[in-house]
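For this chain, numbers begin at 1 and follow the sequence in order. All ligand and atom numbering here is 1-based and tracks the order in the structure. Computed from a prediction, not measured in an experiment: that's the story for all the values here.
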Amino acid sequence: MTERTLYPELSIPQTLAAGPGPGNTDPRVLAAFANAGLADHMQADVLRGMIECKHMLRAIWGTRNVYTYGVAGTGWSGLDVMLNAVLPGDTVVAFANGTFSGIDALTIRMKAATREELRANPMDPQAASVTVITVPHGQSVTAEVIEAALKDKKPKWAFMAHWETGSGRINDLRAFSDACLRHGAMGLVDAVSSLGVDDFSIDDYPGVVGWASCPQKGILSLPLTYAPVSFTDRFIEEVRTNGCPSYVHHPILEARHWGIIDGQDVAAGTYHRTHSGYAVAAFHEALRINLQQGRTAKARDYAHHEQALRQAVTAMGCEVTSNMTSLVVLNLPKELAGREKELVQACRAKGFGIWPTLSEPVQVRIGILNQLSEAAITDIVQRFAEAMKAMGAKLDLDEISENLRQYYRITLAAE
Ligand SMILES: *Cc1c(COP(=O)(O)O)cnc(C)c1O
């Protein structure tokens with residue numbers, strides 16, 4: 001490649017994103033992104049849009065936390081802002097039950113490590129002040145595990161993923177919040193996969209002081225927008241007292257552009273960094289869609305359609321080990337065991353974007369983000385059945401479709 005090589009324009013095909021995330025972005029979000037005028041980051045409508053986003057986020061997340069706003073980037077960007085409150089030497093108990101909470105625990109070890117601990121193993125430091133409780137893949141973090149660890153360690157911070165997307169498991173948020181209150185720990189939660197899918201309110205979990213989510217899963221705003229975060233006054237007080245070694249990902253400074261200054265809502269934000277009017281418009285539209293659909297109705301729809309998918313793949317001989325409602329994580333039938341990656345590759349080559357698990361054991365993950373209709377679920381089931389059949393599974397495609405039709409007919413009649 002020389003300086004004068006010119007690649008052809010990059011064209012990325014339409015595919016069906018049927019994995020753990022990202023979800024298929026709503027056309028309204030893409031239109032909002034593309035139709036935003038060339039407005040600078042201090043233009044009045046951009047600033048107003050950011051303030052409206054902040055208020056919509058509080059409604060969607062059920063919170064009166066003033067420090068509720070978006071962090072430019074992806075889920076890890078929001079998590080970084082939250083976990084920046086953890087300083088070298090801080091005591092932390094982190095629960096890990098899959099890929100993502102495992103990376104969260106690594107982030108925590110990096111931030112809590114002393115200089116010596118970081119130098120001893122820079123990419124994977126073992127911080128003596130951090131206890132990572134590893135729960136096996138495919139299992140949830142339970143009340144008993146949480147209570148035992150927090151009672152024993154009485155850490156300053158406790159961390160858990162609400163929904164662990166790597167293994168498709170829901171962890172016990174109620175028990176986590178209660179145990180944090182009981183043992184004087186400040187709870188931090190990775191809510192990347194649950195926001196916009198589950199029906200829950202932050203303010204019902206007072207033991208949790210920090211929350212971080214992402215744009216691309218339940219909120220359905222992939223075109224690089226904002227990772228929602230929310231912090232209680234106690235969290236902010238902690239950061240105000242002890243500081244945070246980051247300018248851009250500082251929980252207090254980052255909030256200024258969203259019109260949050262000294263713990264108060266102000267009429268217009270002040271400069272923190274160059275926000276994109278395109279991203280603000282897209283995020284704004286995504287939040288409007290979430291509010292129009294309604295949190296409770298959306299959560300019910302996810303449960304309803306996940307059940308349809310779960311029943312269909314179970315009837316095909318697969319074993320489902322997840323309990324999230326946006327995602328099914330499954331083992332293939334015995335005769336196809338060991339060929340998970342091959343199956344996933346074959347599907348992806350046809351524009352049907354399902355996923356393997358990213359950590360052992362290898363399982364298949366099929367997601368339904370923004371696929372909440374009988375037609376969409378039927379399409380997913382048929383494509384998956386065809387792929388299994390192509391690998392030698394004996395399946396009756398007509399019977400599978402008929403069973404799905406039955407499921408939707410019966411459940412519709414029951415409503
Ligand atoms: C997807 C995910 C992340 C990472 O989000 P990115 O948008 O890829 O940065 C972190 N935690 C959980 C639980 C996730 O599901």
Side-chain angles (χ1 to χ4, degrees), residues 17-25 29 57 61 70-84 86 94-111 132-135 137-141 158-173 176 187-198 200 202 208 210-230 248-249 254 279 282-283 286 302 306 321-329 353-359 363 365-370:
N24 298 272
T25 304
V29 173
L57 258 185
W61 230 343
V71 177
T74 74
W76 293 126
S77 312
L79 283 156
D80 197 54
V81 171
M82 176 175 81
L83 296 175
N84 268 342
V86 177
F95 300 94
N97 66 324
T99 310
F100 295 101
S101 45
I103 298 175
D104 286 313
L106 169 62
T107 309
I108 290 168
R109 289 188 282 109
M110 286 170 158
K111 292 184 191 292
V132 179
I133 307 285
T134 304
V135 171
H137 178 104
Q139 294 179 25
S140 294
V141 180
F159 169 84
M160 188 180 78
H162 183 193
W163 289 16
E164 168 52 64
T165 326
S167 52
R169 296 297 304 186
I170 296 178
N171 296 327
D172 195 335
L173 186 58
F176 180 77
L188 303 171
V189 165
D190 173 340
V192 164
S193 243
S194 54
L195 179 65
V197 180
D198 192 17
F200 72 106
I202 280 183
V208 181
W211 302 80
S213 190
C214 81
Q216 46 97 354
K217 288 178 178 138
I219 294 295
L220 296 164
S221 190
L222 177 64
L224 204 59
T225 61
Y226 292 100
V229 292
S230 185
V248 68
H249 276 175
E254 176 82 305
F283 188 52
Y302 272 110
E306 187 268 351
T321 63
S322 53
N323 63 356
M324 279 170 50
T325 56
S326 53
L327 179 68
V328 161
V329 182
I354 62 172
W355 285 76
T357 50
L358 299 178
S359 52
Q363 295 180 285
R365 294 186 293 166
I366 310 175
I368 59 170
L369 289 171
N370 217 10

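Scanning for side chain to side chain donor-acceptor pair (under 3.5 Å) contacts around Thr134 gives an empty result, with sequence neighbours left out. The side chain to side chain contact (heavy atoms under 4.5 Å, CB included) search around Leu57 returns Thr68, Pro228, Phe283, Leu287, not counting sequence neighbours. For Ser194, the side chain to side chain donor-acceptor pair (under 3.5 Å) test picks out His162, with sequence neighbours left out.
Donor-acceptor pairing under 3.5 Å is lacking for the side chains of His249 and Asn84.
More than 12 heavy atoms of other shown residues, nucleotides or ligands fall within 6.0 angstrom of atom CH2 in Trp76.
At a heavy-atom cutoff of 4.0 Å, ligand 1 is surrounded by Thr74, Gly75, Trp76, Leu79, Phe100, Trp163, Thr165, Asp190, Val192, Ser193, Gln216, Lys217.
Tested against Trp163 for a side chain to side chain contact (heavy atoms under 4.5 Å, CB included), the candidates Asn323, Leu195, Thr325, Leu327 yield a single pass: Thr325.
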